[in-house]
*Asks:* 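I'd like to ask you about the structure that follows.
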Amino acid sequence: MRRFLVARGLCAAACSLFVLVSLARPGAAQTWNDPRSRSLVERATARRAQQLADTGLADYQANAHGYVTFLAQLGEGFRTPPKVVKADELELEVYWHAPNLSKQRIIGRRDTLLLPTDIAYHRDHLGIVQNNFPNIIRIGEGDEVHDVPHPLSPEGLTQYDFALADSFAIGSGTQRINVYEIKVRPKDDHQARVVGAIYIDPAEGQVVRMNFSFTRAALLDKALEDLSVVLENRLVGGRFWLPSRQTVEIRRTGTWLDYPVRGIIHGRWEIGDYRFNTSVSPALFAGPEFVQASPAQMKQYPWKGTILDSLPPDARGVTEADVQRVQSEARQLVRAQALARAQRVTMSARSLSDFARFDRVEGLGVGDGVSKQFGAGVSTTVRARYGLDDRQTKGSAAIVVARPSGSAFRIFASRDFRDVGDVAERSTVVNSLAAQEFGSDYTDPYLARAVGASVDYVATNGIRSRLTASYERQSPLSVRARTVSGVFEPTIQAEESHASRFALEVDRPPAPSFFGSELELHGELRTTIPYGIRLDGTPASDARTLRGALSANLERPLGAARLVTATTIAAVAAVYRNRTPPQELIYLGGPTSGPGYDYHSIVSTRAFTEHVELRTPAPFIPFSLGRFGRVPAQGTFAPFVHVIGATSDFVPCVSSSCQGFKGGFYPSVGAGFLTPFDLLRVDVARGLRHGRWTFSIDLSRQFWSIL
């Protein structure tokens, strides 16, 4: 026996030395279907065919603990991370019997519903993958992926290309072994196939890890954007490579409308507590592989804390690095067309208000758009809107070349309204209703006709930047619409000008930061360089401006409460004679930037705002939503303080609301109530310096980008 172990060790060492020397040779990596690669995958395929047939292993039991979360991602370009809509925490009993019998029983399950949804998971989403999949891979009970050949199967050896890409060591001490990474790609990427990498222990031919995605042809559900799988095994009992950690991510988007909503199912599992040769009866494996205990038994499972307390940070909305690596590897191994969704012409809208909106300038504006994908990341989009009261057409057209990483180059032309505010005070839907019924329009637009180009770059840490250069003509607008009651305020008197405009925007999406907080940042730096002579005869060069703005949102849990802060800083400088066009000034006041003060009643060249609130649980009346779940008996109470600081240097008052404004500090206090699911927010505030009582009700800000 000792001679056998020595010989086995020498064999493993010789194999490792041979491969390492080979990898050191120039051009050795990524050589497809060379003898070394084929030898490794053929040995691994033969080992899989034995189905762990080791005389020392007849059966085993294990426990698996996991989370299945459903997340939604909103907004054009999906710039903000996904938000958890529903989270399920599960505890499984896992059984295996030679040669290939598998049974999984759910003994504990609890869920938290954060938004109304009637989503139901396939049964295999609620369990783990045994034996690294059988020779034919199915996911979603065959509705999402059906009958895809496993790379390490007799058929797979003829359908895939293999390349030895890397070698590294894992483990420590006597358990330290070399593992070889084998890249996998289909011979025909038009077929339903796997794309990714397999990590193999050369001494035993065992699969240590699998990272893979699928070609477009493999995804049966046309709404599927991509599907990524990560399977990790570990050496248990010093002899057997068995499941240890698994991640599955399924992303869907709409197929009939180019609309910024994405749904994500994210499963994450940890498997352990293995017991070997427990004489599991073969009768246990009769019937479906995935079953669950009775509701009464599952209800008695001894959970600790709440599900959101125990939910891993990377399951709260940020795609795991392992899944990102799978997606990146898939893009590198096959043509982009093999992963891309079908090319089509779709209706296109950035938000619901692209179809219909109301404001004091155009009255009712109705519109639509179309988008066409040409493949290789090239797409075009055309949108148009017509105002029934101003009788003018607004719209845009763009050609975009995008990379899978999110980086893109865009050429565009547009004729549309541009708002002077740095932050939106209301959602567009609520503003349309308030403007139409009560003459309360919280927008200050001017007309911008522009042609230009932009470059988007997405860094590996998720930070996005956009550089835009355009030539444009800016013009004032006037009130054209009529309201049911009340009177509209006049629009700002923007200066007529022809100008070059250069803008750099940087976004840090919400992500973990210092002291357990979550930080979101948005910054913009822009300059406007007018040309020619103004209508009043003065040189346009007097109005050259440099403008910067920064907003930061910080959230931090404090026990059952949550501290939320929002900070904005903005400044504008006129290069010549301190003459700043009205459309470049800083406008504050309203439910968001200045609760307790009239809309845009504070106008300045340098200003900041600070908002601090403490969100605490508050009682609410529960009721049923039918198949969409149940409204919980808890909302959120949010008392807050707010302050505006602004200068009044060289600022002409350009609307009636800012009459009497003087520089200084403008504090306010108030309180908000957020309904369950954070769908609606009601605020009452009082401005403490020349302010008043204000009341506002709106949908949650996280939905504004699509309303």
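By convention here, the first residue in the shown sequence is residue 1.
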*Asks:* Between the side chains of Asp678 and Arg615, is the shortest nitrogen-to-carboxylate-oxygen separation below 4.0 Å, so that they form an ion pair?
*Replies:* no
*Asks:* With under 30° as parallel and over 60° as perpendicular, where do the rings of His690 and Tyr666 fit, or are they tilted in between?
*Replies:*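 Taking Tyr666 first and then His690, their aromatic rings sit tilted (interplane angle of 30° to 60°).
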*Asks:* In the structure I gave you, are the side-chain heavy atoms of Arg681 and Asp683 within less than 4.5 Å of one another anywhere?
*Replies:*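 The answer is yes; the side chains approach within 4.5 Å.
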*Asks:* Keeping Ser601 on the side-chain end and Tyr597 on the backbone end, is there a donor-acceptor pair under 3.5 Å?
*Replies:*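 Side chain of Ser601 to backbone of Tyr597, a donor-acceptor pair under 3.5 Å: no, none is there.
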*Asks:* Verify the ring-centre separation between Phe637 and Phe673: is it less than 6.0 angstrom?
*Replies:* no
*Asks:* Can you tell me if CZ on Arg482 sees more than 12 non-hydrogen neighbours from other groups inside 6.0 Å?
*Replies:* no
*Asks:* May I ask you to test the Phe417-Leu447 pair for a side-chain heavy-atom distance under 4.5 Å?
*Replies:*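 Answer yes - side chains close enough.
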*Asks:* Does Asp354 pair with Arg357 as a salt bridge, N-O distance under 4.0 Å?
*Replies:*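 The answer is yes: the pair qualifies as a salt bridge.
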*Asks:* Enter the distance from His600:NE2 to Leu585:CG here, rounded to the nearest 0.5 Å.
*Replies:* 11.5 Å
*Asks:* Say you draw a straight line from CG of Leu674 to OG of Ser700; how long is it, rounded to the nearest 0.5 Å?
*Replies:*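 Result: 6.5 Å between the selected atoms.
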*Asks:* Using a cut-off of 6.0 Å, state whether more than 12 heavy atoms not belonging to Phe665 lie near its atom CZ.
*Replies:* no
*Asks:* Answer yes or no: is there a side-chain heavy-atom contact under 4.5 Å between Phe514 and Leu554?
*Replies:*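 The answer is yes; the side chains approach within 4.5 Å.
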*Asks:* Is the shortest heavy-atom distance from the side chain of Arg526 to the side chain of Glu505 under 4.5 Å?
*Replies:*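 No - every pair of side-chain heavy atoms lies 4.5 Å or more apart.
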*Asks:* What is the distance from atom CD1 of Ile644 to atom NE2 of His642, rounded to the nearest 0.5 Å?
*Replies:* 4.5 Å
*Asks:* Between Arg415 and Glu472, does any side-chain N to carboxylate O distance fall below 4.0 Å?
*Replies:*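 No, this pair does not count.
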*Asks:* Any chance you could lay out the salt bridge (charged side-chain N to carboxylate O under 4.0 Å, His left out) test for Asp456 and Arg466, step after step, and finish with the verdict?
*Replies:* CA-CA 4 Å; Asp456 292 5; Arg466 171 177 288 183; 2.7 Å; yes
*Asks:* Taking only residues two or more places apart in sequence or in another chain, which ones pass side chain to side chain donor-acceptor pair (under 3.5 Å) with Thr636?
*Replies:* none
*Asks:* Look at the side chain of Lys394 and the backbone N and O of Gln392, then say whether any donor-acceptor pair between them is shorter than 3.5 Å.
*Replies:*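 Yes, the answer is positive, given that a donor and an acceptor are paired below the 3.5 Å cut-off.
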*Asks:* Sub-3.5 Å donor-acceptor pair from the side chain of Asp507 to the main-chain atoms of Pro509, do we have one?
*Replies:*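 Between the backbone of Pro509 and the side chain of Asp507 there is no qualifying donor-acceptor contact (under 3.5 Å).
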*Asks:* Using a strict cut-off of less than 4.0 Å between a Lys/Arg side-chain nitrogen and an Asp/Glu carboxylate oxygen, indicate whether Arg252 and Glu225 qualify as a salt bridge.
*Replies:*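 Salt bridge absent between Arg252 and Glu225.
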*Asks:* Do Val641 and Ser668 have side chains that approach each other closer than 4.5 Å (heavy atoms only, starting at C-beta)?
*Replies:* no
*Asks:* Answer yes or no: is there an ion pair linking Arg360 with Asp389, defined by an N-O contact shorter than 4.0 Å?
*Replies:* no
*Asks:* For Arg385, run the salt bridge (Lys or Arg N to Asp or Glu O under 4.0 Å) check against Asp416, Asp390, Asp368, Asp359 and tell me which one passes.
*Replies:*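 Among Asp416, Asp390, Asp368, Asp359, the one that satisfies the salt bridge (Lys or Arg N to Asp or Glu O under 4.0 Å) with Arg385 is Asp416.
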*Asks:* Would Arg701 and Glu520 count as a salt bridge (charged side-chain N to carboxylate O under 4.0 Å, His left out) if you check the C-alpha gap in whole Å, the side-chain angles of each, and the deciding distance to 0.1 Å?
*Replies:* CA-CA 14 Å; Arg701 194 176 185 88; Glu520 177 184 13; over 6 Å; no
*Asks:* Is there a side-chain contact between Val669 and Leu688, using heavy atoms and a 4.5 Å cut-off?
*Replies:*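 A side-chain contact exists here, since the closest heavy-atom pair is under 4.5 Å.
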*Asks:* Within the 4.5 Å heavy-atom criterion, are Val430 and Ile697 side-chain neighbours or not?
*Replies:*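 Val430 does not reach Ile697 side chain to side chain.
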*Asks:* Find the distance between CG (Leu588) and CG (Asp422) and round it off to the nearest 0.5 Å.
*Replies:* 7.5 Å
*Asks:* Looking at Arg562, I want to see if its CZ is surrounded by more than 12 non-hydrogen atoms of other residues, nucleotides or ligands under 6.0 Å.
*Replies:* yes
*Asks:* Can you list everything that forms a side-chain contact (heavy atoms from CB on, under 4.5 Å) with Gln634? Sequence neighbours excluded, please.
*Replies:* Pro617
